[in-house]
Every structure is written in structure tokens, then in C-alpha cells.
Amino acid sequence: MTKQKKKIAVIWFPGTNCEEESKRAIESAGMEAEIVRWNDAKNLEHFDGYVLPGGWSYEDRIRAGVIAAKDPLVIEIKRQAERGKIVLGICNGCQVLVEAGLIPGNSENCENGNGETSRERNREAAKEGTERKDAPNGKITMALAPNVNPIVSGYFCTWVYVKKISERENAFSGGIPDIMPIPIAHGEGRFVTKDKKLIAELEKNGQILFKYCGENGNVADRYPINPNGAVSNIAGIINPRGNVLAMMPHPERASWMHQVPGHIREGEAPGPGRKIFESMRDYLIK
Amino acid sequence: MNTIELFVGLKIPDTTAITTLQAIHTLGKNGVAKLSREIYYKFVFEGDVDSFSQRISRADVIVNANKNSCKILKEGEKLNAAKGAVSILVRDTGDKCAGLLKTLRERLGFKELLGIERGVFWTLHFGKDAKNPEEEAMDIADELLHNRHFQEAVVYRAG
């Protein structure tokens, strides 16, 4: 008897443009993938996981990812993530997950610039009868701000290296190489936060999964190693439970070796990015 | 040293404002009846105000006459606000407008230009049942129009 393949929903918002290659990358890792439109999101609970691909959801109106983040479909994905389903946000999908508060997803005790914690702010807000945006139903503790890059302002597309930083158990990094080449393509990819203690907390919790690094793995906060000025060179963050990952680089564009610069002759051999999808598969099977 | 504020709107339908209004309603904030959006600039410069205002409103990197309309506020002038309307100015905190400043100074001859501020100027028009439009507008700004980790939102006081 053959085991049924795990099924991933590839979420398609108006303006998403990486759904097909994401679907192919998921399938190449031995899972089923189905492209699900934002306005036809019935039966989402029947999927084992969700991928929010890259693109410009809602044409980046207001700012990248924010309108999709408020979509009822994302609220449902949030619910499924709380039940343990896996969620991967790539590039614009990463921006959506951060704007939806799914990533980093652990802000209760983070301090803001005035020395208040989110919990204190929420308590004060409850007393006043007002709801803060960092209240438990919508904590936004980070942003993907416009790139800071000495060469070009706005959209920037290149190959970079990322290093796996965390040993924390999660759905995405099983068997992945410590350092991998991977492409980026974004204008707003700079992880930032105003919450003073958040980055230290993420480091301590092992939630920073990927950092931008040099070819030999040195994590230096300078261009071109850090291509967008992200705080602490952050390229990807997982939630505390390890079942949600938001990453700016594109693993689906490094899923075959012929996609990787200098390796075109290796053709259909698996590329480094595929390991992330294989890790998702193995996590779901386990 | 002089300053002017320039508000650049669209003559054609503003799809961003339309989508944003839909998103506001999706959030259950149905008190907003209409939403408009303009790009906001504040120019700091030396020299004659009238001459600068006329030239900058013709600079096609700022105003494309085929699709944009613009209005200028000189120092001491105030915007006319519609009843029940609240304007929110959203700015990226680190935006120094270096590229635009360089283009205007070096390519388009605005040598007298000293600095630029830029933002998005939202005007939310509330229905007559709104109890506290300014507070509701700031709630919407917090929830949707800006992300405090790299942006700031302020209520723009009109005259």
C-alpha cells in the first residue's frame, strides 16, 4: 500500500506571481500541491500545509503584504497554524506573515522604545477600553522595510548566501546545508523592529533560522553580504512552535541545480532550496 | 529658507485608495464612507516661493500632468478640510529622499533645493454617525495604514 502524499495549498492572491514555480518545487519534493485562490478558499483545513509564494499581493498597495494579511483567508491560515499545520511564506508571503503577526509570533513580553512590554501596553489598553494593534489578536512586532543598499534603491535581485543559524527543531531545516546559495528579489526585505528586546529574544529562542552570510559563512553586517540592511542579517524567522517560517529568499528558485549560477551542467539534480520542501515533507510524514 | 507643501493626487481613479477602502471595510470599520490618497512632499529651499512653487509643480518626476493634479500650501496657509474628514500623514521614518533630491538638484536644475520630506496623505471621510472620527482614523492608521516599526502616522491638522 502506498502512503498518501501530503498536500500543500499554494495561496494565490491577486498579484502573486510565483505560484507555479512554488507548486513545481513542492511537487519535486514528493508532495502534492494545489493553487488555491484567495476568494475560493473553502476546505482549507483539508490541506496539510500552506505556502504563501512571492509576488506583489494586491500590488503592494499601502505597503507590501498588508492587505493580504487582513484577508479572511489568512485569518483561517492562522487558525490552522495554531492547530500545528505548517506555513511557509516566501518573499511577499514572508511580508504577509509578518504583517499578519504570525511571525515572529511571540511578542507578549517584548519591550518597546518606551520601556513598556506588549503585555503592559495591552493591559493599559484594556483598562482604557481601547484595542491596540499589538493586542493578542493582531500582534505586529516587526516589519519588512524598504531595502537599504548602497548600490541601488528599491527592487534588488541577486544571488546571496544564507546560513542556518538555529538548531531549534522546526519543520523547515531538517537536512538543509549549513550554508546555501539562494536568490533574493525584493524591494522591501529589511527585517526591522522597534521592540528593543525582540531580536535578542529571537536569537535566544533559536527563532532566527537563516542569516545572510558570505560564501564561507561569515555573517557580516555589510553589503553585499547583507543585501538589504536587515537587522542582525536576518533572512528567515520561525515561530516559537517551529511550524511557520517567513523567509525573504526564494528556495523554489534554487530547487534544481541548473538554476544555481555556475551549476547549469548539473541539470535536474536537486538544488539547495529543495531541502526546505523535503524537510516540510519529512516533518509532515513524521 | 522657505518651505512649501505639495499634495499630488490622481485625476484618474485611484485603485490603491479603492482597495484600501475595501480593506478598511473588511476590518469592520464601516464608518468610513470615502477615502482619498495623495502623495505629500515638503520642500525646503532658498529663494522666491512663487517661482519655486510654479517650477516644482511642473517637474514631471513629481507631477505628471496627464494623470496628476496638485495643490500647494505655502507657509501659513492651511488645508480646507471637509466636515467629518480626517487626514493622516504616513511617512517612512528613515526616508531622506536622497535619490529624488539628487535628481531634482542635479538633473532638473533645482539648485536652491535643500531638503525634501515625503509621505502618503490619506483623507478619511466619515459618515455623520461617527462619534470620534479622529480616534477612529488613528485606529485605522495603526491597524492598516502604517507599520510603526518603520513608519510614523500623524493626524494632519487642517485649517
Side-chain angles (χ1 to χ4, degrees), chain A residues 13-15 38 57-75 95 98-101 107 110 112-113 121 125 128-135 137-148 150 152-154 188 190-196 198-199 229 231, chain B residues 10 13-29 32 35-39 61 88-103 116 118-122 124 131-132 134-153:
Chain A
F13 292 106
W38 85 105
S57 60
Y58 293 94
E59 214 186 26
D60 280 358
R61 290 172 188 174
I62 308 180
R63 65 181 176 278
V66 68
I67 294 182
K70 309 296 179 190
D71 197 287
L73 175 144
V74 172
I75 294 166
Q95 295 161 335
V98 170
E99 288 286 353
S107 64
C110 293
N112 71 2
R121 292 198 296 280
E128 293 162 10
T130 57
E131 190 181 344
R132 299 289 295 249
K133 76 171 183 171
D134 49 3
N137 62 352
K139 291 170 288 189
I140 317 280
T141 54
M142 299 196 87
L144 275 311
N147 299 345
V148 171
V152 62
S153 68
E188 294 88 17
R190 178 168 55 101
F191 276 101
V192 291
T193 180
K194 270 179 109 174
D195 287 333
K196 275 183 177 174
L198 180 62
I199 300 303
V231 60
Chain B
L10 281 172
D14 185 352
T15 51
T16 295
I18 293 166
T19 308
T20 304
L21 183 59
Q22 286 169 351
I24 289 169
H25 291 164
T26 302
L27 291 170
K29 317 273 188 192
V32 183
L35 178 73
S36 62
R37 183 185 65 110
E38 288 154 293
I39 305 301
V61 294
I88 304 272
L89 176 61
V90 176
R91 280 184 293 204
D92 289 9
T93 45
D95 185 10
K96 303 265 189 273
C97 304
L100 179 61
L101 186 60
K102 191 174 175 192
T103 300
I116 307 173
R118 174 170 54 188
V120 180
F121 190 80
W122 299 95
L124 298 88
K131 286 182 184 135
N132 191 338
E134 195 168 303
E135 196 174 300
E136 282 184 51
M138 273 315 287
D139 279 351
I140 290 165
D142 283 350
E143 202 163 349
L144 190 68
L145 301 181
H146 92 294
N147 182 321
R148 72 181 178 94
H149 297 285
F150 76 104
Q151 293 176 313
E152 60 183 13

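Each chain gets a letter, A, B and so on, in the order its sequence line appears, and its residues count up from 1. Small disclaimer: the values here were computed from a predicted structure and weren't measured.
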Checking [X] against chain A: side chain, backbone, both or neither under 4.5 Å from a heavy atom?
| X | result |
| --- | --- |
| B:Gln151 | side chain |
| B:Leu144 | both |
| B:Thr26 | side chain |
| B:Asp95 | neither |

Please list, chain by chain and in numerical order, all residues satisfying ring-ring contact (aromatic ring centres under 6.0 Å, His included) with B:Phe121, sequence neighbours excluded.
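For B:Phe121 the ring-ring contact (aromatic ring centres under 6.0 Å, His included) partners, ignoring immediate neighbours, are B:Phe7, B:Tyr156.
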Evaluate salt bridge (charged side-chain N to carboxylate O under 4.0 Å, His left out) for A:Arg61 paired with B:Asp14, printing each intermediate quantity in order.
CA-CA 11 Å; A:Arg61 290 172 188 174; B:Asp14 185 352; over 6 Å; no
Atom CG of A:Asp60 and atom CD of A:Glu188: how far apart are they, to the nearest 0.5 Å?
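Atom-to-atom, A:Asp60:CG and A:Glu188:CD are 5.5 Å apart.
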Point-to-point distance, once rounded to the nearest 0.5 Å, from CD1 of A:Ile62 to CZ of B:Arg37
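It comes to 9.5 Å.
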Of the non-hydrogen atoms in A:Arg190 and A:Val148, which two are nearest, and what is the gap between them?
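So the two residues come closest at NE-CG2, 3.4 Å.
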Atom group of A:Ser153 that falls short of 4.5 Å from chain B, counting heavy atoms
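A:Ser153 has no heavy atom closer than 4.5 Å to chain B.
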